[in-house]
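Predicted model, so just to flag it, every value in this text is computed and none were measured. Side chains are part of it too, since the values below use all heavy atoms of this structure and drop only hydrogens, waters and symmetry mates.
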Amino acid sequence: MAQKILVVDDEPGTLKMLEMTIKLEGYEVATARDGQTALQMIPEFKPDLIILDMMMPGTPGIEVLKTLKQQYTNPPAVIIFSAKGGIPDMVEGMEAGAFKYLVKPVPRAELLQNIKSALVSRAFRKGG
């Protein structure tokens, strides 16, 4: 069974690019254009990993991350994928529990390597 990745970004072009890149690697992909939709999708889709933008209308990425950590005993791994590249933003994301904080644009190979690392790390956390 393919591992599941939820991509959350309000920018349609970025969302499509990420979806296609990740699907080509054999993962099952779902997308959401905002944080609230992402939170609603998680119980049914059960992603292993979430790629999360920080700046979105409504529920920002950092709030999605904090909600995940509060609501789930074994939440999906989270890679923040954001244009906000300041040190305070990165520290906030990592302290909130992100596996990695990537600043757009990210080379395809680097993105895919981080996805693999996050999924392996989560599998070890789960004991599986």
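The heavy-atom pair separating Tyr101 from Met54 by the smallest distance is OH-CG, 3.9 Å. In this structure, Pro76 and Pro47 approach most closely via the heavy-atom pair CB-O, 3.3 Å. Of all non-hydrogen atoms in Ser82 and Lys84, the two that sit nearest each other are OG-N, 3.0 Å. Val103 and Ala83 get closest at one heavy-atom pair: CG1-O, 4.2 Å. Minimum heavy-atom separation, Lys66 to Ala96: CG-CB, 4.2 Å. Residues Val29 and Glu19 come closest through the heavy atom pair CG1-CG, 3.9 Å.
Contacts of Lys100 classified as salt bridge (charged side-chain N to carboxylate O under 4.0 Å, His left out), with partners at least two apart in sequence or in another chain: none. In this structure Ser117 satisfies the side chain to side chain donor-acceptor pair (under 3.5 Å) test together with Gln113, sequence neighbours excluded. Judged as a side chain to side chain donor-acceptor pair (under 3.5 Å), and not counting sequence neighbours, the contacts of Asp9 are Lys104. For Thr21, the side chain to side chain donor-acceptor pair (under 3.5 Å) test picks out no residue, with sequence neighbours left out. Here Glu92 pairs with nothing under the salt bridge (charged side-chain N to carboxylate O under 4.0 Å, His left out) rule; sequence neighbours left out. Qualifying salt bridge (charged side-chain N to carboxylate O under 4.0 Å, His left out) partners for Lys69, counting only residues two or more places apart in sequence or in other chains: none.
Within the 4.5 Å cutoff, side-chain heavy atoms of Leu102 are placed close to those of Glu110. For the pair Ile51 and Val8, the minimum side-chain heavy-atom distance is 4.5 Å or more. By the 4.5 Å heavy-atom criterion applied to side chains, Leu6 and Thr31 are not counted as neighbours. Residues Val64 and Ile50 fail the side-chain proximity criterion, which asks for heavy atoms closer than 4.5 Å. Put simply, the side chain of Leu112 reaches to within 4.5 Å of the side chain of Glu25, judged on heavy atoms. With contacts defined as side-chain heavy-atom distances shorter than 4.5 Å, the pair Glu28/Gln3 does not qualify.
Phe45 and Ile5 are assigned to two separate hydrophobic clusters, defined by single-linkage of ILVMFWY side chains at heavy-atom distances under 4.5 Å. Hydrophobic clustering (ILVMFWY, side-chain heavy atoms < 4.5 Å, transitive): Val78 and Leu18 are in distinct clusters. When hydrophobic clusters are built by joining Ile, Leu, Val, Met, Phe, Trp and Tyr residues whose side-chain heavy atoms come closer than 4.5 Å, directly or via intermediates, Met41 is not grouped with Val7. In the hydrophobic clustering of ILVMFWY residues, with side-chain heavy atoms under 4.5 Å counting as a link, Phe99 and Val91 come out apart. Leu65 and Ile42 fall within the same hydrophobic cluster, where Ile, Leu, Val, Met, Phe, Trp and Tyr residues are linked whenever their side-chain heavy atoms come under 4.5 Å apart, directly or through other members.
Checked options Asp53, Asn114, Val106; the residue passing with Phe81 is Val106 (criterion: side-chain contact (heavy atoms from CB on, under 4.5 Å)).
Cation-pi geometry between Lys4 and Tyr27 is not met at under 6.0 angstrom from the ring centre and within 45 degrees of the axis.
Of the inter-residue distances, the one linking Asp89 atom CG with Ile62 atom CD1 reads 8.5 Å to the nearest 0.5 angstrom.
Side-chain contact, Thr59 with Gln36: a donor N or O sits under 3.5 Å from an acceptor N or O.
Checked by atom type and distance alone, the side chain of Arg122 pairs as donor or acceptor with a backbone atom of Pro75 at under 3.5 Å. Between the side chain of Thr67 and the backbone N or O of Glu63 there is at least one donor-acceptor pair closer than 3.5 Å.
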